[in-house]
Amino acid sequence: MSSTQNSDAQRQLPVRNPRTGIADHTIDVCNDAEMAGIVSTLRNHQPEWAAAGIAHRRKVLRSWIEHLYADKTLLLEALAADTGRRLLATTEINALQALVEGWCYLGEQVFEESVERPSATPGIGIKSHYIPNQVVGVISPWNFPLLLSTIDSIAALAAGCAVVIKPSEVTPRFVEPLAASINAIPELRDVMKLVTGDGETGQAMINHVDTICFTGSVATGQRVAKACAANFIPAYLELGGKDPAVVLPSADPGHAATIVLRASVQATGQACQSLERVYVHAPLFDQFINELVARAENAQLNYPDINKGQLGPLIFDKQAEIIADHLSDAVAKGATILCGGTIENHGGLWLRPTVVTNVTHDMKLMTEETFGPVIPVMPYETLDEAIALANDSDFGLSASVIGEDLEEAEFVARRIDVGAISINDGGLTTEVFDAGKNAFKLSGLGESRMGRSGITRFLRQKALLFRKDPAKGLDSLDESQAEI
Ligand code: NAD
């Protein structure tokens, strides 16, 4: 993406439309000086927001959702233009209410702990006092632009922090209508700001905020972690994945194919928790492949009509190049493409569900994140082999295990080295809000984004310790009391 200059020397970036391939939008790049000003203003308003309490914060956040939902049109149109899809844009917008309710509910539970309780040490009472980090910076990717800009932000706001959000420069159209909805709520606009820009803006954010929540690629995540370490601020990183699915001996091949197809091609495979490699018990392999290909061939693109079909465009043209590279590398090393496989250029780029066999772990398709609707499938003989294959990865985000025998499914799930496993489904982490999970290996760093720690990671904990019985005097230090 090339940058341009305007007369005010504000750096600008062109934005490509994923359905037409044409750059039809421009954003300003927020620079370090502007970021310093924004964070300073947020810092000034945050103490009042924190002091107002969780019940008040919930009221303000609810009034924002009410205002936003009164007319979703502009936000929906912008998000649909960013991503080239409508159903998921609607889903992202509708998820905001659940985020507000969920995080405020958890926030209430956490702040209840300010009530005094007895310590395990006799004669001491404890009160936990939570002090929110002042300004949390959120840096988000292009695949679910609204959801991944707000999931951590709303938690941080519920915790009492102020938030500055930098969505991806690939999908920034939704920023304007979302910012307008925030600005309509006076108490919220002082503690929640959106900025546009690229890596420069991300680095500027790291220079000024107190905590970073980053969702994106491993390579950028590592850069972000280093910059945060240099500034001595925490970085919570949610990075890429190469999620495996294991189809057990007890699985019904047709049912397994239904699950695998949906969980691989949802959002055109542009989801961190997409299934990216499938291991099938060898006796089921042929039937599974037949069922999978038959279903895959039924899938339709949402082109030319955005209101039809199941697969939207590849949002980011650079990602399309990675997908094409993974496929050609696999074919050169002996893989067979059974359906799909060709990136269709209609201005925007689309790819139909692509089922690939004769794959090995020497191929990029089985080891690197592809981030497209590509389903490489490999047979295995024993459960030990399936577990070893699933664990043969630098990533450890999530996984899926499919089979009728739940004992066997749990046995396998417990041995796969990832943070979340869907049993008899795929990608359940997108639906479940209250299950804490860590990203293993290169898939992330820091406390769980979901569950209670989704709030507590933004709070510094101060222990107020009350001596209940008489405090000790000098006599307690007397050497004569030494006993073995
Ligand atoms: P990316 O790493 O290229 O960019 C992510 C964000 O980082 C963007 O906003 C970008 O502007 C910003 N950025 C770029 N350089 C930066 C720098 N030097 N300092 C600070 N910020 C910088 O990722 P992407 O291509 O936008 O997103 C796709 C990736 O995100 C995939 O790997 C996917 O798996 C991952 N992802 C992970 C999760 C999760 O929850 N684990 C969810 C969605 C996406």
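Computed from a predicted model, the values in this text were never measured in an experiment. Atoms within a ligand are numbered from 1 in the order they appear, just like the ligands themselves.
In this structure, Ser149 contributes its side chain and Ser140 its backbone to no donor-acceptor pair below 3.5 Å. Although no hydrogens or angles enter the test, the distance criterion places a donor-acceptor pair under 3.5 Å between the side chain of Tyr69 and the main chain of Ile93.
By the 30° and 60° cut-offs, the orientation of the rings of Tyr303 relative to His346 is parallel. Taking the six-membered ring where tryptophan is involved, the planes of Tyr279 and His361 are tilted, since the angle between them lies from 30° to 60°.
The residues lining ligand 1, counting any heavy atom closer than 4.0 Å, are Ile139, Ser140, Pro141, Trp142, Asn143, Leu148, Lys166, Pro167, Ser168, Glu169, Asp198, Gly199, Gly202, Gln203, Phe214, Thr215, Gly216, Ser217, Thr220, Arg223, Val224, Glu238, Leu239, Gly240, Cys272, Glu369, Phe371, Leu397, Arg449.
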| task | Evaluate salt bridge (charged side-chain N to carboxylate O under 4.0 Å, His left out) for Arg11 paired with Asp28, printing each intermediate quantity in order. | result | CA-CA 6 Å; Arg11 191 161 70 90; Asp28 291 336; over 6 Å; no
| message | If you apply the rule salt bridge (charged side-chain N to carboxylate O under 4.0 Å, His left out), what do you find for Arg173 with Glu77, and how did you get there? | response | CA-CA 9 Å; Arg173 293 171 179 81; Glu77 291 311 321; over 6 Å; no
